[in-house]
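Working notes, beginning with the structure itself.
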Amino acid sequence: MSGNEVILQMKDISKSFPGVQALSGVSYELQKGEVHALMGENGAGKSTLMKILTGAYKEDTGEIIFDGAPFMKRDERTTLSAGIAMIHQELSFVPYLTIAENLFLGREIMKSGVLDKRRMNELAGEWLKNLGVDLDPKRKMNSLMVSEQQMVEITKAVSYNAKIIIMDEPTSAITDREVEKLFGTIRDLKAKGVAIVYISHKMDEILQISDRVTVFRDGELISTNDAKDITMDQIVIDMVGRELTEVYPEKEHNLGEEMLRVEGLKREGVFNDISFTVHRGEVVGFAGLMGSGRTETMRCIYGLDKLDAGKIFIQGKEVAIKHPRDAIKYGIGLVNEDRKGVGLLLPLSVKHNLTLSNLDKYFKSPIIQRAKENELAERMIKELRIKTPSRNQLVNNLSGGNQQKVVLGKILLDESDILIMDEPTRGIDIGAKSEIYHMINDLAKSGKAVIVVSSEMPEIVGLADKVIVMHEGAIKGEITDPNEIQQEKIMEFAIAQ
């Protein structure tokens, strides 16, 4: 930190939404040249505080002092021009524009009244190169993997030469190698006096990169400590208000009949010769680095993408899955890694998100029985402990962890026997993660066949009965003995040459 010089003070900030007190009298300060981590369960108030700073929300009470002066009129444009940039957890870009066009959105370079695309591509290329991102600035954003899209968003924030950069879950969808590049960039920014607000649920990262750690719980600021003086255990206690003794459940799975078998699956240029089985009552973990082909394999099994070769068997019978409706018919449910882009309809209520895809299952006539629909929604809200003021709350107003529970609830209502969960806990807090881990364990115990795709190694180790490791579109290893499922062994296969 550079001389403990304060660049930002947020004093006595309060904010409420219908039925929710999001922040209660929070006072927070940020110093030049520091990385200040914000931690807390989903809905604790971290992102809300930062959205107030950037002008996305208006505080009910309180004041903000930025760079020694009151910071009153705030919206995204004025905040950026003042020197505050935010990388949002849920990526925000224009999918059909190029990388360069997205990087220059709102500050396009014009020449003789037309876009100077050559100069924009040139500068975009330099910015990407400075961050070690090997991408052609002319590529469309919708052609990129989620991890690549996230690196573009990070590049955009850095390109503004901001005094404060807010990073909300910046590593939730990038590889370990990209994390190292990001940390190198953060250290360079710190050396230049830039202040970083770092919001993450990954505690190893927090303690590695942060100077100070502030913990929120239920809209209140609980503690602020130097990172060198605090332990992971203390952070968890501050976050959840108690010791979290069993993050992962004890595995008690009795394997039954074969539910899913795939043989020789191939998608040209993406993956090749993928074969595996999943049994009733089994949790199969899919591990591997970003880009290894795990997600792409699951998309093809679910019918979202076309297979070029291979066979799929459900309970021993070969089936043709050309479309997600075929997968649903055969009892396959998918929790997609992109919950906001694919898993949820954000303008709709919790109730409608839970029931919409299951209406034909529960209602045989064209007339929907509202009482029955309400009953189904209330059942899922109760079973999954979804924190929402009511079933009619817009799903967009829920925290990330509760949104993820809604996605899970939708699949559970469908009563699928084969569940594919792609990054089921991405971007959610340790308390919500633990709840979802126990839920996955209970589903297996009830006889479901579960596939968990995860980039978090402890998650795979803690949940899986069997682990399949992919690398560059191929299966490089399979660990079938639960006692041999260890991070080191998974990593050996994941980086196999």
Side-chain angles (χ1 to χ4, degrees), residues 39 146-147 150 169-183 200-210 227 231-233 235-236 244-253 255 271 274 276 278 282-295 297-298 335 337 420-441 444 450-497:
M39 298 201 73
V146 173
S147 61
Q150 190 136 23
E169 295 290 349
T171 63
S172 63
I174 62 178
T175 66
D176 290 344
R177 195 173 299 143
E178 288 165 332
V179 170
E180 281 307 310
K181 288 178 189 172
L182 174 62
F183 283 3
S200 178
H201 296 304
K202 297 184 178 180
M203 292 195 201
D204 53 338
E205 287 182 7
I206 289 291
L207 296 179
Q208 184 184 343
I209 198 66
S210 305
T231 63
M232 287 190 189
D233 287 345
I235 291 172
V236 170
L244 205 59
T245 51
E246 292 184 355
V247 175
Y248 294 99
E250 191 174 330
K251 300 175 194 173
E252 299 174 15
H253 306 154
L255 271 59
F271 57 80
I274 303 299
F276 65 88
V278 191
E282 183 178 35
V283 178
V284 176
F286 263 75
L289 302 177
M290 291 284 180
S292 61
R294 301 163 306 164
T295 292
T297 299
M298 299 308 149
V335 175
E337 65 168 341
I420 301 172
M421 300 191 177
D422 193 356
E423 303 289 359
T425 66
R426 193 182 114 199
I428 63 176
D429 63 78
I430 187 69
K433 278 184 178 183
S434 185
E435 285 187 48
I436 287 173
Y437 296 153
H438 282 77
M439 201 182 304
I440 289 170
N441 189 56
V450 186
I451 296 172
V452 175
V453 178
S454 178
S455 303
E456 296 191 33
M457 220 78 76
E459 200 160 273
I460 294 288
V461 174
L463 290 172
D465 301 297
K466 175 172 76 180
V467 177
I468 294 166
V469 189
M470 292 186 66
H471 175 78
E472 294 184 350
I475 291 176
K476 290 295 182 179
E478 189 168 331
I479 307 170
T480 55
D481 183 347
N483 298 315
E484 292 184 9
I485 298 174
Q486 299 163 350
Q487 291 195 42
E488 296 76 14
K489 195 161 188 176
I490 294 169
M491 209 58 208
E492 279 178 32
F493 290 130
I495 60 175
Q497 298 303 312

query = Any side-chain heavy-atom pair from Tyr248 and Val461 closer than 4.5 angstrom?
reply = no

ask   = Taking the side chain as C-beta and beyond, is there a heavy-atom pair between Ile274 and Met470 under 4.5 Å?
value = yes

Minimum side-chain heavy-atom gap Leu207-Ile235 below 4.5 Å = yes

task = Answer yes or no: is there a side-chain heavy-atom contact under 4.5 Å between Met298 and Phe286?
result = yes

Inter-residue atom distance Thr297.OG1 - Ile468.CD1, 0.5 Å rounding = 10.0 Å

inquiry  = So Met203 and Val236, do their side chains get closer than 4.5 Å, heavy atoms only?
reply    = yes

ask   = CD of Glu169 to OG1 of Thr171: how many Å apart, nearest 0.5 Å?
value = 6.5 Å

ask   = Rounded to the nearest 0.5 Å, how far apart are CD1 of Ile440 and CD of Glu459?
value = 7.0 Å

ask   = Quick one: OH on Tyr437 to OG1 on Thr425, what's the gap to the nearest 0.5 Å?
value = 4.0 Å

remark   = With sequence neighbours left out, the residues meeting side-chain contact (heavy atoms from CB on, under 4.5 Å) with Met439 are Leu384, Leu408, Ile436

query = For Glu435, what residues pass the side-chain contact (heavy atoms from CB on, under 4.5 Å) criterion, not counting sequence neighbours?
reply = Arg385, Lys405

Pairing residues for Met457 by the side-chain contact (heavy atoms from CB on, under 4.5 Å) criterion, not counting sequence neighbours = Gln487, Ile490, Met491

ask   = Ile460 and Ile485: which non-hydrogen atoms are nearest, and at how many Å?
value = O-CG2, 4.5 Å

Donor-acceptor pairs under 3.5 angstrom involving side-chain atoms of residues 287-294: please list them, not counting sequence neighbours.
from, atom 1, to, atom 2, distance (Å)
Ser292, OG, Leu289, O, 2.9
Ser292, OG, Arg294, NE, 3.4
Arg294, NH1, Gly288, O, 3.2
Arg294, NH1, Ser454, O, 2.9
Arg294, NH2, Ser455, OG, 3.2

key: Lys489: salt bridge (Lys or Arg N to Asp or Glu O under 4.0 Å) partners, not counting sequence neighbours   = Glu484

remark   = Interatomic distance, OG1@Thr295 vs CD1@Ile420, rounded to 0.5 Å, equals 10.5 Å

Which atom of Gly285 lies closest to which atom of Ala464, heavy atoms considered = N-CB, 3.7 Å

query = To the nearest 0.5 Å, how far apart are CD1 in Ile451 and CE in Met421?
reply = 10.5 Å

note = Applying side-chain contact (heavy atoms from CB on, under 4.5 Å) to Asp465 and not counting sequence neighbours gives Lys251, His253, Glu282, Val283

key: Val467 and Phe493, any side-chain heavy atoms less than 4.5 Å apart   = no

